[in-house]
Protein chains: 2
Amino acid sequence: MRKQYMHPIEVTLDVVCGKWKGVILCHLQEEGILRFGELKKRLPGVSQKTLTLQLRELEEDGLVNRKVYPQVPPKVEYSLTEYGTELEATLEMMCEWGINHHDKVGPNSDSQLIEKPN
Amino acid sequence: MRKQYMHPIEVTLDVVCGKWKGVILCHLQEEGILRFGELKKRLPGVSQKTLTLQLRELEEDGLVNRKVYPQVPPKVEYSLTEYGTELEATLEMMCEWGINHHDKVGPNSDSQLIEKPN
DNA sequence: TGGTATAGTTACCTTTTTGATACTAAGGAG
DNA sequence: CTCCTTAGTATCAAAAAGGTAACTATACCA
């Protein structure tokens, strides 16, 4: 089933709009290579299944590499493809806007950015 | 219910990730002011209800203005807020990436960008 | 008197997305 | 033996998102 996009921004949004996809990409961008379990730790609240699914979709869309080491227990490493890195500038802009938006809506708003624990 | 974001990019994605929100923002960016019906023409396939909902959410998030003229039949104009325009550069980057992505995946892919009819 | 126009709202359904939970493979540690 | 490890799958349930169709208000036109 061939998807029909009416506007180029839909292509990008399609690829980035999963509940965890943006954050996954940001972490891979910051840290380079991450194993499945490491990624999971950085996304408090994802279920196993959902994380797997989001990663598979990112892989299908050509944004992340999946490197499987043939060993038990399994070891799988994820990283951005060269192609995924072309999205970095965009992701950074989105982060900046997010920070400003949060500042702007201020303490009375109904949204809140959580600080990372050390 | 206060939303808890773990990462600033979630703030932005939250605001932009509706099925039609990105395209709506792009059209408002290109054309300035659009009435409900004009917007609807530019989004082949949206339902009345969904378009209304997407616009309401964009309004709540402070990205678009809604100007109601007290007349019958009703006339309502939508435009970007100053705040929404701060997202323009980001939206443009997303469009560019979308175009390149589409080019890259090429004619064998299962996605397709439709040309606007005149 | 009846039809047209615009920007909705409402009730009801279907599809899509996400979550919770339990299960698996195969080697090493105790 | 038995348990622990990791990166999954499978199954079932719940929630979120979106779609369809019908209805509204009020002025104007024929």
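Just so we're clear, the structure is a prediction, and the values are computed from it rather than from any experiment. Chain letters run A, B, ... following the sequence lines, proteins first, then strands; residues in each count from 1. Computation of the quantities below employed the complete heavy-atom set of this structure, encompassing side-chain atoms and omitting hydrogens, waters and symmetry-equivalent molecules.
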Can you check the B:K21 NZ to D:dG18 C1' distance for me, whole Å? 13 Å
OP1 or OP2 of D:dA7 less than 4.0 angstrom from a side-chain nitrogen or oxygen of A:R66, does that happen here? no
Does the pair A:K19/B:E10 count as a salt bridge with the N-to-O cut at 4.0 Å? no
Is there a side-chain contact between B:R35 and the phosphate of C:dG8, meaning an N or O under 4.0 Å from OP1 or OP2? no
For A:L55 and D:dT6, what is the distance between atoms CG and P respectively, to the nearest whole Å? 17 Å
Length of the line joining B:L51:CG and D:dT20:P, which is rounded to integer Å: 14 Å
Side-chain heavy atoms nearer than 4.5 Å, only ILVMFWY residues, links allowed to pass through others: does that put B:L28 and B:V46 together? yes
How long is the line joining NZ of A:K41 and C1' of D:dT5, in whole Å? 12 Å
Counting N and O atoms only, with roles assigned by atom type, does the side chain of A:T12 sit under 3.5 Å from a partner on the main chain of B:M94, one being a donor and the other an acceptor? yes
Provide, to the nearest angstrom, the distance between the NZ atom belonging to B:K40 and the P atom belonging to C:dG8. 12 Å
Could you tell me whether the side chain of B:T81 and the main chain of B:G62 form a donor-acceptor pair under 3.5 Å? yes
Would you say A:Y78 places a side-chain N or O within less than 4.0 Å of OP1 or OP2 belonging to D:dG8? yes
To the nearest Å, how far apart are B:L43 CG and D:dG18 C1'? 14 Å
Scoring nucleotides 14-23 of chain C by protein non-hydrogen atoms under 4.0 Å (B base, S sugar-phosphate only, - none) yields ----BBB---
A:F36 atom CZ is separated from D:dA7 atom P, nearest whole Å, by 7 Å
Work out how much the helix from C:dT1-D:dA30 to C:dG30-D:dC1 bends between its end axes, five pairs an end, to the nearest 10 degrees. 20°
Among side-chain atoms of B:E77 and B:Y69, is any donor-acceptor pair under 3.5 angstrom? yes
Using the disulfide bond (SG atoms under 2.5 Å apart) rule, collect all pairs that involve residues 23-87 of chain B, keeping only residues at least two apart or in two chains. none
Note, A:Y78 side chain near A:R35 side chain (heavy atom, < 4.5 Å): no
Kindly work out whether a path of hydrophobic side-chain contacts (I/L/V/M/F/W/Y, heavy atoms less than 4.5 Å apart) joins B:M93 to A:I99. no
Length of the line joining B:L39:CG and C:dT6:P, which is rounded to integer Å: 14 Å
Establish, from distance only, whether the side-chain atoms of A:D61 and A:Y83 form a donor-acceptor pair under 3.5 Å. no
Can you work out whether A:V72 or B:P73 has the more 5'-proximal nearest nucleotide on DNA chain D? A:V72
